[in-house]
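Have a look at the structure below before the remarks.
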2 protein chains.
Amino acid sequence: MPRPLNLEDRIAKLRQFYRHEKRVPSYSEMMDLFGYHSKNAVYGLIRRLQEYGYVTRSGGKIGFTSKLIGSIRLLGAVQAGFPSPAEEELVDVLSLDEFLVQKPEATFMLTVTGDSMIDAGIHPGDIVLVEKGGTIRKGDIVVAQVDGEWTIKYFGKDKQGAYLDPANSAYKRIRPKESLTIGGKVKASVRKYAS
Amino acid sequence: MPRPLNLEDRIAKLRQFYRHEKRVPSYSEMMDLFGYHSKNAVYGLIRRLQEYGYVTRSGGKIGFTSKLIGSIRLLGAVQAGFPSPAEEELVDVLSLDEFLVQKPEATFMLTVTGDSMIDAGIHPGDIVLVEKGGTIRKGDIVVAQVDGEWTIKYFGKDKQGAYLDPANSAYKRIRPKESLTIGGKVKASVRKYAS
DNA sequence: CTTGTAACTGAACGAACGTTCAGTTATGGT
DNA sequence: ACCATAACTGAACGTTCGTTCAGTTACAAG
């Protein structure tokens with residue numbers, strides 16, 4: 001067998017470079033980065049990384065996938081415990097953007113006000129990712145304008161027409177008197193803790 | 001006044017290119033992309049984009065910032081309503097990764113099991129972003145191993161020592177009998193809706 | 001210890017890169 | 001209608017790019 005090529009170090013260094021420079025290093029820059037003395041060494045390494053899905057190539061140019069750019073290490077099994085530094089190499093890396101957003105050009109961020117969805121675990125101050133367009137189904141959480149005011153509620157429909165349900169027993173079902181405009185469908189909710 | 005240069009179109013096109021190719025286009029590629037007949041036109045455009053914080057430059061090479069790469073359009077004022085297609089130009093764009101993750105190399109994703117934090121709006125099936133290391137303060141939500149088992153709870157401390165509090169009245173305060181290992185601090189929680 | 005193999009070296013190549021310069025064109029304000 | 005101004009054209013430049021090739025080196029399995 002030939003010499004082993006430890007990808008882990010190299011990948012870590014590429015991540016580091018990208019975070020600093022916000023761009024993909026050139027072959028000669030990678031030469032320095034990895035301590036190679038030949039550009040062809042880089043060439044081979046990149047081909048490997050491409051096989052494993054870390055980089056893409058188009059038009060003789062290199063692009064990094066979310067496996068390199070992404071910032072979150074995903075842990076498959078939860079109850080299995082927490083990773084020790086030694087076994088961290090195995091986990092997959094992804095980007096939250098890619099994970100949560102399917103249509104970037106149609107997705108917005110909204111800060112939630114009011115407690116009408118609190119039983120659905122959506123608290124005031126939470127952030128909600130809303131996708132415009134697409135079909136709305138019964139049971140979807142939507143951002144809607146009823147009679148001039150914007151709210152976030154469960155969407156429903158029956159023989160009397162469309163209605164909006166809060167997730168809070170203190171409020172009751174809303175039936176639009178005049179107008180109902182659906183702004184979009186809630187695809188995800190996010191809460192950021194201060195500390 | 002000289003000719004106006006409509007940045008919006010160009011920025012949209014750069015976004016599109018980046019999503020497809022996962023890399024920054026070269027000057028000549030941008031020439032085609034924007035319909036220019038001179039590379040110098042691109043040169044000037046890039047200088048503008050750099051001023052506005054869309055691109056970075058290092059070593060004669062271009063990098064895209066999260067303003068270009070990011071996938072979420074941020075709406076500052078919520079109750080103000082939903083943006084019409086016409087006014088969408090004004091809003092800022094950011095990346096969820098950058099927004100939620102401060103230390104990418106120390107942050108993990110965990111899927112929540114169990115309902116012990118349900119009153120804090122953390123439901124089973126939710127995803128939690130955990131940052132390893134750093135100081136833990138009273139009131140922080142932590143991922144911890146008590147007497148061999150991993151859980152997610154509020155962290156607290158008094159004269160009897162450290163304890164863990166659930167956010168569910170059906171469960172009660174936990175005091176570690178033998179061991180307590182803090183895996184990390186919960187920095188954010190995320191829920192993704194299926195549809 | 002030998003041998004197969006893939007990681008690497010080092011040099012070379014044309015192509016494409018980002019940048020510069022002098023000049024032209026379109027546009028909004030006066 | 002004119003002018004100031006910045007967007008743009010078009011050509012040129014040295015530099016650096018990604019790729020190729022023939023040859024060398026280090027490792028692991030038999």
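Values below: every heavy atom of this structure, side chains too, minus hydrogens, waters and symmetry copies.
Among pairs with a residue in residues 119-128 of chain B, those fulfilling salt bridge (Lys or Arg N to Asp or Glu O under 4.0 Å) read B:Asp126-B:Arg191, at least two apart in sequence or across chains. Screening residues 154-177 of chain A for ring pair (Phe, Tyr, Trp, His ring centres under 6.0 Å), with sequence neighbours left out, gives no hits. Applying the salt bridge (Lys or Arg N to Asp or Glu O under 4.0 Å) test to every pair with at least one member in residues 150-161 of chain A, sequence neighbours left out, gives these pairs: A:Asp158-A:Arg175.
A:Asp140 contributes atom CG, which lies 8.0 Å from atom OG1 of A:Thr135 (distance to the nearest 0.5 angstrom).
Taking atom CZ of B:Arg10 as the reference point, atom C1' of D:dA7 lies 9 Å away to the nearest angstrom. As a whole-Å value, the separation of A:Tyr36 OH from D:dT25 P is 18 Å. Distance CD1 (B:Ile62) to C1' (C:dA16): 14 Å, rounded to an integer number of Å. Atom C1' of nucleotide D:dG18 and atom CZ of A:Arg57 are separated by 8 Å, given to the nearest angstrom. In this structure, CG of A:Asp9 is placed 15 Å from C1' of C:dA7, rounded to the nearest angstrom. In this structure, A:Ile46 places its CD1 atom 13 Å from P of C:dA7, rounding to the nearest Å.
For B:Arg47 and D:dA6, the shortest distance from a side-chain N or O to OP1 or OP2 is not below 4.0 Å. For C:dT20, one of the phosphate oxygens OP1 or OP2 lies less than 4.0 angstrom from a side-chain nitrogen or oxygen of B:Tyr43.
The side-chain contact (heavy atoms from CB on, under 4.5 Å) search around A:Tyr52 returns A:Leu7, A:Arg48, A:Tyr54, not counting sequence neighbours. Legend: residues meeting side chain to side chain donor-acceptor pair (under 3.5 Å) with A:Asn40, ordered by chain and number and at least two apart, are absent. For the side chain to side chain donor-acceptor pair (under 3.5 Å) test, no residue two or more places apart in sequence or in another chain qualifies with B:Arg47. The salt bridge (Lys or Arg N to Asp or Glu O under 4.0 Å) check on A:Arg57 picks up nothing, with sequence neighbours excluded. Residues satisfying the side chain to side chain donor-acceptor pair (under 3.5 Å) test with B:Gln145, not counting sequence neighbours, are none. Contacts of B:Ser66 classified as side chain to side chain donor-acceptor pair (under 3.5 Å), with partners at least two apart in sequence or in another chain: B:Glu98.
Checking C:dC8, C:dT9, C:dA16 against the side-chain heavy atoms of A:His37 singles out C:dT9 as nearest. The listed nucleotides are C:dC8, D:dT9, C:dT19; the one nearest the side chain of B:Ala41 is D:dT9. Looking at the side chain of B:Ser38, the nearest of the listed nucleotides D:dG10, C:dC8, D:dA7 is D:dG10.
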Interface polar pairs with nucleotides 21-23 of chain C, N/O, under 3.5 angstrom:
{"residue": "C:dC21", "atom": "N4", "partner": "B:Asn40", "partner atom": "ND2", "Å": "2.5"}

Just the table, please: protein N/O against nucleotides 13-15 of chain C N/O, every pair under 3.5 Å.
none

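One N or O on the side chain of A:Lys192 and one on the backbone of B:Phe99 form a donor-acceptor pair closer than 3.5 Å.
Near-neighbour residues of DNA chain C inside residues 22-35 of chain A, defined by a heavy atom below 4.0 Å, are absent.
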